[in-house]
Amino acid sequence: MQAFRNLHYFVYLAVMKRTLTLITLLLALLPAVAQVRIVHKGAMTGSFKPGHPGGTAAEKEAIDLAAHFFLAESLTRTAPWAKAIRKGDIVLCETDTEEYGEDGCRIVIDNRNVRIYGHGKGLVYGTVEFLKKYVGIDYWGAGESYEPLHKELVLDPVDTVITPTFRYRQSQNYMLRTDPLYKTWYHLEEPSEVFVANYWVHTCNRLLPASRYGAEHPEYYAYYNGKRNPGSASQWCMSNPEVLEIVCQRLDSLFKAYPDRKMISISQNDGSDTYCRCPECTRIMEEEGGPSGPILRFINAVADRFPDKEISTLAYLFSVQPPRKTVPRENVSIMLCDIDCRRQTALTENPSGQEFMKALEGWSKICKNLFVWDYGINFDNYLSPFPNLSTIKDNMVIFRDHHVKMHFSQIASVRGGDFAELRSYLVNNLMWDAGASLDSLEQRFLTRYYGKAGWPIYKYIKLMEGAAVGTDVDLFIYDSPVSYKDNILRPELMRRYNALFDEAEAAVAGDPVRLARVRRTRLPLQYSALEIARTEPDRDPEAIGRALDLFQDRTLEFEVEMLNERHNTPMAYCMMYRSRYLGDSKDNLAFGKPVTYLVQPRPKYQKLGETALTDGIYGGTTYVESWVGWEGTDGAFIIDLGAPTAVHSISADFLHQLGAWILLPKQVKYSVSLDGERYRSIAAIDIPESRATEVAFVPVEATCDCEARYIRVDITGVKTCPEWHYGVGNPCWFFLDEVIVR
């Protein structure tokens with residue numbers, strides 16, 4: 001009986017298998033009635049066509065954009081209107097209103113054709129989304145793109161509405177200056193398109209110029225350190241009613257001059273700790289819990305005067321935390337900045353980010369128009385590895401979930417900067433859709449942009465990101481590669497990084513375009529090696545010289561314009577490196593000699609100061625290594641040469657970096673002594689004020705013909721930031737890294 005059952009079971013299986021095979025064959029023969037074929041034998045089955053007679057401006061722009069990519073020779077730009085629509089056509093139809101949200105779109109695919117809907121830019125962006133998602137096209141700027149050659153392209157049915165995560169999206173990439181298609185492809189906006197007369201951040205001095213009002217009305221400006229501080233970078237006294245009236249009159253004129261714009265920024269000038277502490281502003285701050293209180297009360301008063309406009313202001317540095325009581329008006333936009341946060345992990349995963357999260361959570365509860373300004377690169381060294389790509393999506397989702405409406409990702413993305421193209425690609429796509437897969441985007445870019453080199457470069461990215469998290473490195477937006485030479489850039493890891501780039505270059509050795517991309521992407525690793533090498537006491541000048549020559553050649557080949565936000569150029573860097581770092585420190589009579597401070601540097605520099613002025617190691621463009629700093633004071637020290645020595649020149653090397661409140665001193669005075677008690681003055685050198693934005697190393701040298709054992713250096717500092725500087729009224733620094741005696 002059991003055998004019969006088994007036989008019956010096997011017969012049943014055989015019959016079912018034949019039946020299923022027959023059904024499968026019949027289904028394969030049936031036409032895919034729900035699909036539409038838009039490419040057959042390498043040619044379009046239809047055309048891109050406008051949805052209105054003659055085509056609207058947006059429809060024509062969308063068709064022109066498509067003509068750049070998708071079988072342009074088959075496009076019919078002058079096709080008649082809807083009556084001429086045929087099967088396989090792609091119809092671009094502008095809607096009368098923003099029914100899919102600002103910049104949103106709808107893509108419908110059925111068994112006849114493709115229809116894309118959107119209002120204005122929304123229709124153009126919808127066309128881009130169709131080309132990206134359904135045709136598989138990528139565009140990287142300056143004519144560089146990936147366009148798959150479809151012999152056949154059949155699309156499944158879909159009806160999807162696409163609404164961007166943020167209604168305003170702004171990022172940075174060198175392509176934006178020269179390639180208008182780049183901005184359209186990535187759905188980006190610029191402040192000049194939205195804000196009245198480009199008043200979008202740090203606008204106080206434009207609205208209330210200190211050059212006009214400062215002398216006669218210092219009471220309009222912030223009070224601190226015992227006085228009013230009018231200047232081109234000053235903050236206002238936000239409790240002064242006259243300031244409110246003048247600003248509102250100015251705004252009224254601006255809105256009338258730009259009737260098509262609704263948004264303007266009234267925002268603090270750049271700089272920290274420069275807010276007003278007058279009695280009334282202090283009273284408001286005590287009520288509100290901080291400096292954002294007087295600012296928001298002022299902004300609300302302006303918003304009440306212009307209820308049909310949107311008034312934007314910054315929550316930045318001293319004003320980042322929200323007030324306790326005051327709530328922004330409906331037409332107030334808060335631009336919240338996370339400038340002080342570290343970048344190695346998501347904002348929720350490190351202490352600085354968690355402090356910012358308190359601000360984000362607070363503002364998101366009271367503000368309906370929240371704008372986040374996010375920072376994602378090393379501004380002091382663009383060409384320095386900055387392994388934070390894995391955090392981009394996490395932070396985008398955080399912003400989205402806290403109801404952020406507008407987003408600016410400041411990532412610099414200068415040519416030659418750390419993963420400039422990939423970083424922009426990820427940021428731009430995730431600003432549009434924060435729910436997209438970061439890994440999928442990254443893999444798509446690496447595979448297409450680098451070809452066979454994509455895999456070793458992917459391994460390089462993940463190796464460095466793992467090292468950053470594993471060593472708990474503090475990734476800061478103003479830093480030097482030298483800061484990381486004992487963790488993510490330590491020698492054993494640098495060898496692995498370079499081996500992966502060697503593998504990447506070998507993989508595309510026969511592909512000149514992709515080889516150039518790989519070599520350009522390698523520049524930050526080469527730059528970091530040069531920066532670290534200059535700090536090594538046993539450096540090999542010949543090997544460093546060869547590496548410097550290669551770096552110079554590559555930066556010229558790839559047209560790298562700047563190394564940092566201070567606009568220092570690679571060529572200037574290479575010239576400076578040869579003269580500054582490759583010389584022999586052994587001919588310096590002060591090399592290795594002890595230093596006695598008569599005026600101590602700031603506490604954080606005192607330990608370093610025991611050796612830094614005579615160790616033969618020059619500092620770099622970032623003050624975080626090899627520099628000794630004094631703040632708001634003069635400086636003085638003595639170097640003991642050990643024995644009476646013939647001296648012909650004395651020189652001290654100073655740093656000029658306005659962005660970090662580091663100014664050149666007013667005067668440097670050199671004196672010499674044989675016994676350490678009686679000193680003879682050699683020279684007192686006055687140093688002219690510099691307002692240059694570039695970082696500079698300024699040697700201050702005096703010649704003499706004398707015998708000395710002790711060298712005394714007295715430095716007269718500027719002490720307080722001048723009125724033109726954005727630290728106006730606050731203590732400023734001077735920094736010194738090396739004293740040379742010959």
Side-chain angles (χ1 to χ4, degrees), residues 171-172 270-273 314-321 335-363 372-399 401-402 404 407-413 417-420 422-423 426-427 430 438 461-490 493 524 528 531-532 564-565 604 620-625 627 657 659-661:
S171 74
Q172 293 178 312
D270 207 353
S272 59
D273 298 325
L314 283 170
Y316 174 68
L317 295 175
F318 57 78
S319 63
V320 71
Q321 295 295 336
M335 186 184 293
L336 178 61
C337 307
D338 58 10
I339 188 169
D340 284 334
C341 298
R342 300 308 189 257
R343 302 287 151 179
Q344 67 273 15
T345 56
L347 292 168
T348 54
E349 296 173 343
N350 68 76
S352 62
Q354 290 161 0
E355 186 64 25
F356 170 79
M357 288 302 300
K358 296 176 185 177
L360 177 60
E361 289 163 2
W363 284 112
V372 162
W373 183 337
D374 188 34
Y375 305 77
I377 200 64
N378 184 344
F379 295 97
D380 271 349
N381 289 281
Y382 292 148
L383 270 68
S384 176
F386 202 72
N388 71 325
L389 298 178
S390 62
T391 70
I392 293 172
K393 176 182 168 66
D394 291 341
N395 290 340
M396 291 281 187
V397 170
I398 289 168
F399 301 146
D401 293 349
H402 284 80
V404 172
H407 184 48
F408 170 37
S409 184
Q410 189 175 14
I411 52 175
S413 287
D418 185 56
F419 283 109
L422 172 59
R423 192 178 302 275
L426 296 176
V427 163
L430 288 165
L438 175 69
I461 292 170
K462 297 309 170 186
L463 178 60
M464 187 175 287
E465 287 177 347
V469 174
T471 57
D472 197 27
V473 66
D474 225 10
L475 204 60
F476 187 39
I477 62 173
Y478 293 103
D479 218 330
S480 163
V482 179
S483 300
Y484 308 120
K485 71 176 185 178
D486 295 324
N487 42 69
I488 61 173
L489 298 179
R490 63 183 186 267
L493 284 174
S528 296
E531 282 291 276
I532 292 170
N564 52 47
E565 70 173 350
K604 68 179 295 185
T621 56
T622 305
Y623 62 90
V624 296
E625 39 85 15
W627 294 99
Q657 190 183 11
W661 298 20

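A quick note: this is a predicted structure, and the numbers were derived from the prediction, not measured.
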Original post:
Is R343 positioned over the aromatic face of F476, cation under 6.0 angstrom from the ring centre and no more than 45 degrees off axis?
Top reply: no
Does [X] reach the side chain of [Y], with side-chain heavy atoms less than 4.5 Å apart?
X: P385; Y: I488; answer: no
X: L317; Y: D340; answer: yes
X: Y484; Y: L475; answer: yes
X: L360; Y: V404; answer: yes
X: T471; Y: R490; answer: yes
X: F386; Y: R423; answer: yes

Donor-acceptor under 3.5 Å ([X] side chain, [Y] main chain):
X: N350; Y: G353; answer: yes
X: Q344; Y: A468; answer: no
X: E465; Y: S390; answer: yes
X: W627; Y: G620; answer: yes
X: N378; Y: S384; answer: no

Subject >> All ring-ring contact (aromatic ring centres under 6.0 Å, His included) counterparts of F379, not counting sequence neighbours >> reply: Y478
**OP:** Using ring-ring contact (aromatic ring centres under 6.0 Å, His included) as the criterion, list what pairs up with Y382, not counting sequence neighbours.
**Re:** none
Give the minimum heavy-atom separation between [X] and [Y], together with the two atoms involved.
X: L493; Y: A467; result: CD1-CB, 3.7 Å
X: A346; Y: D394; result: CB-CB, 3.7 Å
X: C337; Y: Y375; result: CB-OH, 3.6 Å
X: W363; Y: V320; result: NE1-O, 2.7 Å
X: S352; Y: R342; result: OG-N, 2.8 Å
X: G376; Y: N388; result: O-ND2, 3.6 Å

Find the distance between [atom1] ([X]) and [atom2] ([Y]) and round it off to the nearest 0.5 Å.
X: K485; Y: E625; atom1: NZ; atom2: CD; value: 8.0 Å
X: F356; Y: D374; atom1: CZ; atom2: CG; value: 7.5 Å
X: Q410; Y: I477; atom1: CD; atom2: CD1; value: 7.5 Å
X: L426; Y: K393; atom1: CG; atom2: NZ; value: 11.5 Å
X: D338; Y: L347; atom1: CG; atom2: CG; value: 5.5 Å
X: L389; Y: L438; atom1: CG; atom2: CG; value: 8.0 Å

**OP:** Would you sort out whether Q172 and V427 count as a side-chain contact (heavy atoms from CB on, under 4.5 Å), showing the intermediate values?
**Re:** CA-CA 9 Å; Q172 293 178 312; V427 163; over 6 Å; no
Original post:
Any chance the side chains of Q657 and D380 put a donor and an acceptor closer than 3.5 Å?
Top reply: yes
Original post:
Crowded around Y623 OH? As in, over 12 foreign heavy atoms under 6.0 Å?
Top reply: no
